[in-house]
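Report on the structure given below.
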2 protein chains.
Amino acid sequence: MAATIKDVAKKAEVSPSTVSRVIANNPRISQDTHEKVRKAMKELGYHPNAMARGLVKQKSQTIGLFISTSAELALSNPFFVEAIRGIGSVIQKHGYSLLLHSIEDEKDAERACLSLLRQKKVDGVVLSTSRVNDKLISKLQTEGYPFVVIGRPVPGLSINWVNNDNIKAAYEATEYLLKLGHQQIAMISGPEDLVVSMDRAKGYKMALQSYGLPFRQEYLKSGPFTQVFGQEAMKHLLSLEQPPTAVLVADDLMAFGAMETLKTRNLSIPGDMSIVGFNDSPLASFIHPALTSVNLNIYELGTQAAKLLMEIVEKPGHNASQRVIPTQLIIRESCGSPGKGGDTLKASCV
Amino acid sequence: MAATIKDVAKKAEVSPSTVSRVIANNPRISQDTHEKVRKAMKELGYHPNAMARGLVKQKSQTIGLFISTSAELALSNPFFVEAIRGIGSVIQKHGYSLLLHSIEDEKDAERACLSLLRQKKVDGVVLSTSRVNDKLISKLQTEGYPFVVIGRPVPGLSINWVNNDNIKAAYEATEYLLKLGHQQIAMISGPEDLVVSMDRAKGYKMALQSYGLPFRQEYLKSGPFTQVFGQEAMKHLLSLEQPPTAVLVADDLMAFGAMETLKTRNLSIPGDMSIVGFNDSPLASFIHPALTSVNLNIYELGTQAAKLLMEIVEKPGHNASQRVIPTQLIIRESCGSPGKGGDTLKASCV
DNA sequence: AAATGTTGTGCAATCGTTTTCGCAAAGTAT
DNA sequence: ATACTTTGCGAAAACGATTGCACAACATTT
């Protein structure tokens with residue numbers, strides 16, 4: 001039987017209210033009783049019951065995180081860990097805990113999320129699911145639950161989110177290739193219905209345009225974020241009558257696939273083809289040639305999301321706000337100037 | 001203001017007790033009132049308050065997961081995700097939620113873990129931290145909290161754990177190399193103070209012994225689970241007057257490092273050196289040559305840990321028990337018979 | 001017909017806190 | 001010395017459920 005506040009009260013010869021007040025550091029408590037009570041708490045090993053406290057305060061001091069852990073994301077799941085670390089680090093400082101629900105299918109996620117909120121097991125949630133699930137979002141909104149979505153802007157609605165500026169990131173990456181002198185730049189993009197894919201494609205197109213280059217439909221291949229799609233897409237690009245000399249790939253995993261087909265065809269990177277990826281996964285620096293990739297600052301994405309949520313949860317009536325987290329192009333070895341087809345790799349593999 | 005049980009009671013024209021009983025599916029409730037109450041619940045969008053319920057039932061229906069997410073594990077963190085998925089899938093079926101605490105330093109983990117339990121925010125915990133922290137374990141034990149440790153046997157103490165049979169796994173991997181005809185087999189192992197390292201080293205030694213081969217101290221290098229240590233260790237092995245023809249590496253990440261030094265020295269894998277790793281990380285099949293590695297069944301590790309914990313939590317007085325999860329050696333391309341030093345890789349890199 | 005058992009429900013206590021209100025004692029201003 | 005204000009603390013009412021006990025109403029046995 002764990003000690004309750006009453007036990008402490010008895011031991012310290014005060015009322016439970018007083019004990020409660022010393023816990024809350026209420027200034028109306030005298031130094032004397034304060035010490036007396038603290039001492040009693042120590043001696044009894046007292047820890048306030050979170051549920052009892054939550055019941056009266058109407059707060060669970062817990063926030064929920066809903067995040068996809070689907071197998072297809074297995075490789076890019078530094079996202080997962082980094083986001084969790086980021087979120088965890090800030091909410092812990094606020095005395096909150098993290099309830100994690102890994103979502104397999106959308107329907108389940110929706111039920112679980114609403115249920116947890118309505119049961120008051122969590123005070124708010126952060127959502128990170130690339131798939132658009134507007135039903136959940138609008139329900140959260142109409143029911144007035146605190147939430148922030150991470151990694152996906154939801155245009156139009158005034159909700160809280162944090163995201164990278166994918167348009168800008170893709171723009172900069174493309175610009176980097178352009179400045180290297182490339183004129184034929186292709187893009188291997190993600191699923192067309194994902195906002196992140198659309199944004200990255202948009203940034204790519206904008207960069208081409210700013211530099212007076214035409215956008216060619218056959219240079220843009222969209223498909224799933226998988227290694228095999230990367231392979232396929234690269235094969236397709238190589239089969240064009242005028243293959244590109246550089247390609248922007250919307251995900252490192254796809255980029256690895258693309259690199260693989262280049263290598264099996266004995267084409268050199270970056271000699272014959274420059275590649276830039278997205279996500280800066282741990283493998284990027286690891287593979288040979290090391291992949292130039294745009295770093296998304298996922299940890300930061302997590303911390304900012306959490307900070308935002310804390311604000312909303314702690315002072316309701318907070319206005320919707322958005323934060324965009326900067327990205328960095330991490331330059332490694334996979335890009336060079338065009339027209340050096342003869343180069344072969346020195347340190348060729350891992 | 002969310003509806004409470006009283007609101008439902010009023011609407012259904014019954015007492016709160018009755019509503020509670022229909023929620024609990026108490027058989028003493030008539031079909032009639034059952035429907036009446038259900039209807040009222042639907043109409044009001046009623047969801048029982050988890051904290052109120054938890055308060056009286058003395059259960060939070062939540063379990064805590066304490067797991068290291070240190071940066072050094074970034075690459076091998078499929079562990080993280082897989083374990084979470086496994087645990088989540090079983091506890092969700094039992095109506096539990098998962099409270100995740102990612103631990104950065106040991107001291108903090110201990111405080112947090114005990115605090116969560118004493119506050120009754122969680123009904124039990126699963127611990128997965130490679131570092132031995134016996135203080136926490138013994139406290140958990142003396143305070144009688146339900147817990148299971150995953151990925152680490154704690155010899156001597158009768159506590160609940162699930163783990164791989166690392167001795168056997170290493171034995172089998174070594175045996176595989178032996179059967180391939182290798183006589184000089186080295187091992188690159190993890191930190192010496194980790195049980196997992198000790199076990200894997202032991203299995204390696206046992207296999208050598210069974211096949212009548214001597215154990216040579218200079219063939220066993222221990223160090224951190226990092227890529228750079230893998231590189232170093234391999235350099236050292238290559239510098240021996242009689243270098244090994246095969247090496248068992250206690251972690252894929254280290255194995256990748258080892259492979260890298262081989263490649264920069266233009267040694268072929270498996271022509272000049274066979275390599276087998278541990279963990280079967282997603283990269284293993286991805287790298288060239290694809291790495292033969294022992295798969296730990298982490299998802300299964302997670303589900304079994306969770307099942308065990310559910311048993312303990314639901315029926316206390318449960319006896320301590322242990323489960324060992326089988327491993328599989330996943331054979332890919334990084335091993336061959338010795339003495340084919342001239343071979344070069346066909347598809348050499350990624 | 002009386003005694004007994006079964007069904008279906010409500011009352012009230014309880015879980016362990018926080019918090020409003022009230023009130024004495026002590027301090028300060030008039 | 002009187003009238004306020006401040007300080008320090010306790011009593012009791014929440015918070016929203018569950019559950020043991022009581023007790024009708026009805027059914028079944030003897």
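Chain letters run A, B, ... following the sequence lines, proteins first, then strands; residues in each count from 1.
- Applying the side chain to side chain donor-acceptor pair (under 3.5 Å) rule to A/K93 yields no partners; only residues at least two apart in sequence or on another chain are considered.
- The separation between B/N26 atom CG and C/dG8 atom C1' is 10 Å, rounded to whole Å.
- The interatomic distance linking B/K6 (NZ) with C/dG10 (P) rounds to 15 Å, in whole Å.
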(request) Report, as a single string ordered 5' to 3', how protein heavy atoms within less than 4.0 Å touch nucleotides 21-28 of chain C: B base, S sugar-phosphate only, - not at all. (result) --------
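- A donor-acceptor pair is defined here as one N or O able to donate and one able to accept, closer than 3.5 Å; such a pair exists between the side chain of B/D123 and the backbone of B/S60.
- Listed in residue order, the members of residues 30-49 of chain A having a heavy atom less than 4.0 Å from DNA chain C are A/Y46, A/H47, A/P48, A/N49.
- Among the heavy atoms of the strands, none lies under 4.0 Å from B/V19.
- For A/K57, there are no side chain to side chain donor-acceptor pair (under 3.5 Å) partners, not counting sequence neighbours.
- Under the rule for a salt bridge (charged side-chain N to carboxylate O under 4.0 Å, His left out), the partners of A/D108 that lie at least two apart in sequence or sit in another chain are A/R111.
- Side-chain atoms of A/N163 do not come within 3.5 Å of backbone N or O of A/V324 as any donor-acceptor pair.
- For B/E35, the side chain to side chain donor-acceptor pair (under 3.5 Å) test picks out B/Q31, with sequence neighbours left out.
- For the residue pair B/S97 and A/K121, a side-chain donor N or O sits within less than 3.5 Å of a side-chain acceptor on the partner.
- Taking every nucleotide of DNA chain D with any atom under 4.0 Å from a non-hydrogen atom of chain A, the first and last of them, 5' to 3', are D/dT7 to D/dG16.
- Partners of B/Y145 under the side chain to side chain donor-acceptor pair (under 3.5 Å) rule, at least two apart in sequence or in another chain, do not exist in this structure.
- Judged purely by atom type and a 3.5 angstrom limit, B/S115 has no side-chain atom pairing as donor or acceptor with the backbone of B/C113.
- Identified under the ring-ring contact (aromatic ring centres under 6.0 Å, His included) test for residues 23-45 of chain B, with sequence neighbours left out: none.
- Put simply, the side chain of A/N297 gets close to the backbone of A/P326: a donor and an acceptor are under 3.5 Å apart.
- Protein atom NZ of B/K121 is 16 Å distant from nucleotide atom C1' of C/dG16, rounded to whole Å.
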So which protein N/O to nucleotides 12-14 of chain C N/O distances come out below 3.5 Å?
none

Return all side-chain donor-acceptor pairs below 3.5 angstrom for residues 38-50 of chain B, not counting sequence neighbours, or 'none' if the list is empty.
| residue | atom | partner | partner atom | Å |
| --- | --- | --- | --- | --- |
| B/R38 | NH2 | B/V22 | O | 3.3 |
| B/E43 | OE1 | B/K11 | NZ | 3.4 |
| B/H47 | NE2 | A/R118 | NE | 3.2 |
| B/N49 | OD1 | B/M51 | N | 2.7 |
| B/N49 | OD1 | B/A52 | N | 2.9 |

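- Screening residues 82-113 of chain B for ring-ring contact (aromatic ring centres under 6.0 Å, His included), with sequence neighbours left out, gives B/F66-B/H101.
- Along DNA chain C, the nucleotide closest to B/I29 and the one closest to A/A24 are compared, and the more 5′ of them pairs with B/I29.
- Within the 4.0 angstrom heavy-atom criterion, base atoms lie near A/S20.
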